[in-house]
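The figures that follow rest on heavy atoms only: side chains count, while hydrogens, waters and symmetry mates do not.
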Amino acid sequence: MTRVAFSTNGDNIDAEIAEHFGRAQNFLVYDMESGSNEIYANPEVAGKEILPPRFLYQHEVTDVVCFGLGHKAAKLFEELSISVFKAEEGLIRDNIRRFKDSVLSRF
């Protein structure tokens, strides 16, 4: 199962990816096998006590696509065996296609 999280201030695959992972309002989690997606509020922005990488790990995320990421989050993703890829300009929909085509670079 491949579940990819995208940081966004929107609520669907036609939204743009947020400039910074940790400051995004939401995470869109896209299931590559079923084509379905779910929106989760970023727990850090919502004032919850769980760090976003751990939150996404609990939601069985295997990969993350974002533009910017802090050192602490990058290290935690590595510890949790979640791969992080650099987003390219465009919508989440465009980056899903690029992820499927294996053209996104790893952080």
Separation between CG (N95) and NZ (K100), nearest 0.5 Å, reads 12.5 Å
Tightest non-hydrogen contact, residues G10 and A15, listed as CA-CB, 3.7 Å
Smallest heavy-atom separation, L69 atom then C66 atom, equals CB-SG, 4.2 Å
In this structure, CZ of F27 is separated from CD of E38 (nearest 0.5 Å) by 14.0 Å
Margin query: Any non-hydrogen side-chain atom of Y57 less than 4.5 Å from a side-chain atom of S81?
Written below: no
dist R54:CZ -> E49:CD (nearest 0.5 Å) comes out at 13.5 Å
By ring pair (Phe, Tyr, Trp, His ring centres under 6.0 Å), F77 pairs with (sequence neighbours left out) F21
Is there side-chain contact between N26 and N9, with heavy atoms separated by less than 4.5 Å? no
Within-4.5 Å side-chain heavy-atom neighbours: R106 and V84: no
- prompt: Are any side-chain N or O atoms of R3 and backbone N or O atoms of V29, one a donor and one an acceptor, separated by less than 3.5 Å?
  reply: no
Connected to L28, directly or through other members, by ILVMFWY side-chain contacts below 4.5 Å are V4, F6, I13, I17, Y30, M32, I39, V65, F67, F85, I92, I96, F99, L104
Here the gap from T2 atom OG1 to E33 atom CD, rounded to the nearest 0.5 Å, amounts to 4.5 Å
**Asked** Less than 4.5 Å apart, any side-chain heavy atom of R98 and any of D101?
**Response** no
H20 meets the side-chain contact (heavy atoms from CB on, under 4.5 Å) criterion, sequence neighbours left out, with R23
- Message: Using the rule that Ile, Leu, Val, Met, Phe, Trp and Tyr join whenever any side-chain heavy atoms are under 4.5 Å apart, tell me whether F55 and L80 fall into a single cluster.
- Response: yes
Partner of K75 under side-chain contact (heavy atoms from CB on, under 4.5 Å), picked from K72, E78, E79, is E79
Please tell me whether V45 and L56 are part of a single hydrophobic cluster in this structure, the criterion being side-chain heavy atoms less than 4.5 Å apart.
no
Looking only at heavy atoms, the pair that brings E44 and G22 closest together is OE1-O, 3.6 Å
In terms of heavy-atom contacts, P43 and P52 come closest through CG-CA, 4.3 Å
Separation between CG (L76) and CD1 (I82), nearest 0.5 Å, reads 8.0 Å
Are any non-hydrogen side-chain atoms of L91 and E16 less than 4.5 angstrom apart?
yes
When rounded to the nearest 0.5 Å, the distance separating CG of N42 from OG1 of T8 is 11.5 Å
